[in-house]
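Just so it is clear, the values below take in all heavy atoms, side chains as well, and ignore hydrogens, waters and symmetry mates.
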Amino acid sequence: MTYTREDITRIAKEQNVRFIRLQFTDLLGSIKNVEIPVSQLGKALDNKMMFDGSSIEGYVRIEESDMYLYPDLSTWVVFPWVTENKVARLICDVYMPDGTPFAGDPRGILKRVLQEAEEMGFSTMNVGPEPEFFLFQTDDKGNPTLELNDQGGYFDLAPTDLGENCRRDIVLMLEEMGFEIEASHHEVAPGQHEIDFKYAPAIKAADQIQTFKLVVKTIARQHGLHATFMPKPLFGMNGSGMHCHQSLFRGSENAFYDANDKLGLSNIARHYMAGVLRHARGIAAITNPTVNSFKRLVPGYEAPCYVAWSASNRSPMIRIPASRGLSTRIEVRNPDPAANPYLALAVMLKAGLDGINNKFSIPSPVDRNIYVMSEEERQDAGIPSLPINLKEALAELLRDDVICDVLGDHALSHFYELKEIEWDMYRTQVHQWERDQYLTMY
């Protein structure tokens with residue numbers, strides 16, 4: 001929807017909205033907001049709402065703390081699950097007091113890469129994300145347990161799929177908020193679910209991912225459940241991915257489609273894909289940003305661990321879905337839902353644009369199941385692996401000048417510092433597995 005200032009003021013009055021959440025995203029992908037009474041709506045629409053940036057992860061030092069929120073009017077929505085003292089939401093860009101965009105704002109970082117794409121003639125990056133999640137039961141205090149809400153499997157129905165009612169309520173709530181839902185189903189693992197919504201331009205898609213997470217967690221709580229987007233919550237089961245279908249358009253023309261190509265892929269699509277593959281190790285710290293992310297990227301659980309592509313195989317990192325014409329696209333399968341969606345889309349797009357600019361050649365497709373190939377066979381086929389842990393991924397990020405440039409000095413240094421702390425905390429902890437393995441052995 002396109003809203004004007006007058007539309008928003010009128011709707012707020014007609015629907016008796018009492019509070020407005022001015023929402024933005026920190027560097028780690030967490031949703032933050034400043035809530036104001038509706039009496040301050042005019043001030044917010046004038047871009048005059050200030051907040052303390054020094055309190056937000058990866059933003060600024062205390063002596064530089066004043067920052068401003070500029071609402072994107074197209075993101076206006078009234079939360080349908082609040083019936084009394086209604087609450088509405090506007091997603092904001094973050095600006096400095098001098099009126100310049102804040103260099104560490106993830107949404108602003110994605111906008112900068114999209115501007116680069118536009119200067120190359122690509123008016124739109126369309127993205128269809130597929131964030132998966134788990135539903136866990138809660139205890140009598142509402143805290144999450146490790147008890148799954150069902151023992152269902154892929155495409156199961158009730159009574160095996162006990163998350164069906166919760167999932168339906170999530171779908172209804174999303175539709176009320178303007179989402180076009182294409183499908184919802186139980187995923188492979190017990191307690192795991194997926195709801196697919198229609199592709200959208202990149203900024204809107206990233207906004208929708210953040211809204212989706214908020215709705216899923218809110219409705220799950222109403223059902224006495226805890227929803228988590230943690231990539232690998234349970235050992236021995238599939239983890240949760242966030243496959244990202246993507247394509248570039250020139251106006252109404254899909255730049256990824258070529259009717260004369262055997263696979264229907266244009267040279268632009270092939271160069272773009274080659275760029276994503278070439279930078280795959282460098283972007284992994286962004287697309288898979290937690291210690292836990294790399295517990296998902298292991299053989300045998302349908303998550304890609306190898307840098308390869310195919311049109312007929314789900315074990316490589318990139319797959320080409322069967323649809324052609326306007327729907328021709330690539331599916332990048334390694335991102336997970338812990339990723340900051342703005343940063344993840346920014347680095348994938350930049351990697352693809354680098355491939356187009358430099359006309360990178362794409363390697364041959366890998367149509368075998370890579371999981372059953374030996375290491376020697378993979379080396380002979382020229383198939384690299386993704387990083388095996390966060391520490392390796394961070395080192396690869398620093399080695400990739402193109403991806404470092406996307407983030408900029410501010411975001412890169414703060415992100416790296418936060419993730420180094422996370423890795424050191426994990427590395428120095430003594431985990432239950434170690435006690436089980438060694439306490440009586442030695």
Side-chain angles (χ1 to χ4, degrees), residues 11-12 15-25 29-38 75-91 129-153 155-187 189-198 207-231 233-234 240 242 337-338 341:
I11 294 168
Q15 298 197 24
N16 195 29
V17 172
R18 302 299 299 275
F19 297 95
I20 315 293
R21 288 185 183 176
L22 302 178
Q23 180 182 305
F24 58 103
T25 296
S30 297
I31 300 172
K32 304 294 181 181
N33 75 96
V34 175
E35 188 168 271
I36 60 173
V38 73
T75 65
W76 166 264
V77 69
V78 179
F79 289 148
W81 61 80
V82 182
T83 54
E84 295 182 11
N85 297 321
K86 283 191 173 181
V87 179
R89 185 281 316 274
L90 284 163
I91 295 176
E130 297 178 347
E132 298 167 337
F133 60 95
F134 277 83
L135 293 175
F136 286 91
Q137 297 179 26
T138 54
D139 62 20
D140 54 6
K141 295 181 180 179
N143 296 317
T145 70
L146 291 179
E147 296 295 319
L148 293 163
N149 76 305
D150 66 45
Q151 292 299 314
F155 285 168
D156 272 348
L157 305 173
T160 307
D161 173 10
L162 299 179
E164 192 174 77
N165 290 335
C166 177
R167 207 168 58 237
R168 283 175 176 165
D169 284 350
I170 291 169
V171 168
L172 292 172
M173 203 63 68
L174 290 169
E175 287 185 328
E176 279 195 58
M177 296 177 73
F179 281 67
E180 185 174 339
I181 304 299
E182 295 187 332
S184 73
H185 60 86
H186 199 289
E187 258 297 340
Q192 189 184 32
H193 304 270
E194 181 179 318
I195 297 172
D196 299 330
F197 42 94
K198 189 177 180 180
D207 289 343
Q208 286 184 326
I209 291 168
Q210 296 296 74
T211 302
F212 176 80
K213 290 179 180 179
L214 178 64
V215 172
V216 168
K217 285 181 173 288
T218 299
I219 303 306
R221 188 166 63 244
Q222 293 178 0
H223 282 258
L225 299 168
H226 175 76
T228 181
F229 291 90
M230 179 179 178
L234 295 170
S240 290
M242 187 175 69

The test is side-chain contact (heavy atoms from CB on, under 4.5 Å); show your working for Lys86 and Val78 and say whether it passes.
CA-CA 7 Å; Lys86 283 191 173 181; Val78 179; 4.3 Å; yes
Once you measure the plane-to-plane angle for Phe229 and Phe212, does it fall in the parallel (<30°), tilted (30-60°) or perpendicular (>60°) bin?
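Phe229 vs Phe212 ring planes: perpendicular.
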With sequence neighbours left out, write down each residue that passes ring-ring contact (aromatic ring centres under 6.0 Å, His included) with Phe79, or none if nothing qualifies.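 Result, ring-ring contact (aromatic ring centres under 6.0 Å, His included) vs Phe79: Trp81.
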I need the minimum non-hydrogen distance between [X] and [Y], along with the two atoms involved.
| X | Y | value |
| --- | --- | --- |
| Pro337 | Ser240 | CD-O, 3.2 Å |
| Ile219 | Cys166 | CG2-O, 4.1 Å |
| Leu90 | Ile20 | CD1-CG2, 4.4 Å |
| Glu194 | Asp196 | OE2-OD1, 2.5 Å |
| Pro80 | Met173 | CG-SD, 3.2 Å |

(request) Carefully, step by step, assess Asn33 and Leu22 under the rule side-chain contact (heavy atoms from CB on, under 4.5 Å). (result) CA-CA 5 Å; Asn33 75 96; Leu22 302 178; 5.9 Å; no
Just distance, no hydrogens or angles: give the donor-acceptor pairs under 3.5 Å from side chains in residues 133-142, sequence neighbours left out.
from   : atom 1 : to     : atom 2 : distance (Å)
Gln137 : NE2    : Leu148 : O      : 3.0
Thr138 : OG1    : Gly224 : O      : 2.8
Asp139 : OD1    : Lys141 : N      : 2.9
Asp139 : OD1    : Gly142 : N      : 3.0
Asp139 : OD1    : Asn143 : N      : 2.9

For residues 211-225, pull every pair meeting side chain to side chain donor-acceptor pair (under 3.5 Å), keeping only residues two or more places apart or in separate chains.
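Only Arg89-Thr211, Asp169-His223 qualify under side chain to side chain donor-acceptor pair (under 3.5 Å).
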Not counting sequence neighbours, which residues clear side-chain contact (heavy atoms from CB on, under 4.5 Å) with Asn16? List them please.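 Applying side-chain contact (heavy atoms from CB on, under 4.5 Å) to Asn16 gives Arg18.
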By side-chain contact (heavy atoms from CB on, under 4.5 Å) - contacts of Glu182 (at least two apart):
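Glu182: side-chain contact (heavy atoms from CB on, under 4.5 Å) contacts with Lys198.
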Atom pair [atom1] ([X]) and [atom2] ([Y]), whose distance is rounded to the nearest 0.5 Å:
| X | Y | atom1 | atom2 | result |
| --- | --- | --- | --- | --- |
| Leu234 | Thr228 | CG | OG1 | 9.5 Å |
| Arg21 | Ile31 | CZ | CD1 | 9.5 Å |
| His193 | Glu132 | NE2 | CD | 11.0 Å |
| Ile209 | Leu214 | CD1 | CG | 14.0 Å |

Kindly indicate whether the side chain of [X], heavy atoms from C-beta on, has any atom under 4.5 Å from the side chain of [Y].
| X | Y | result |
| --- | --- | --- |
| Lys32 | Gln23 | no |
| Val17 | Ile11 | no |
| Glu35 | Val87 | yes |

Going by the rule salt bridge (charged side-chain N to carboxylate O under 4.0 Å, His left out), which residues pair with Glu175 if we only count those two or more places apart in sequence or in a different chain?
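Glu175 satisfies salt bridge (charged side-chain N to carboxylate O under 4.0 Å, His left out) with no other residue.
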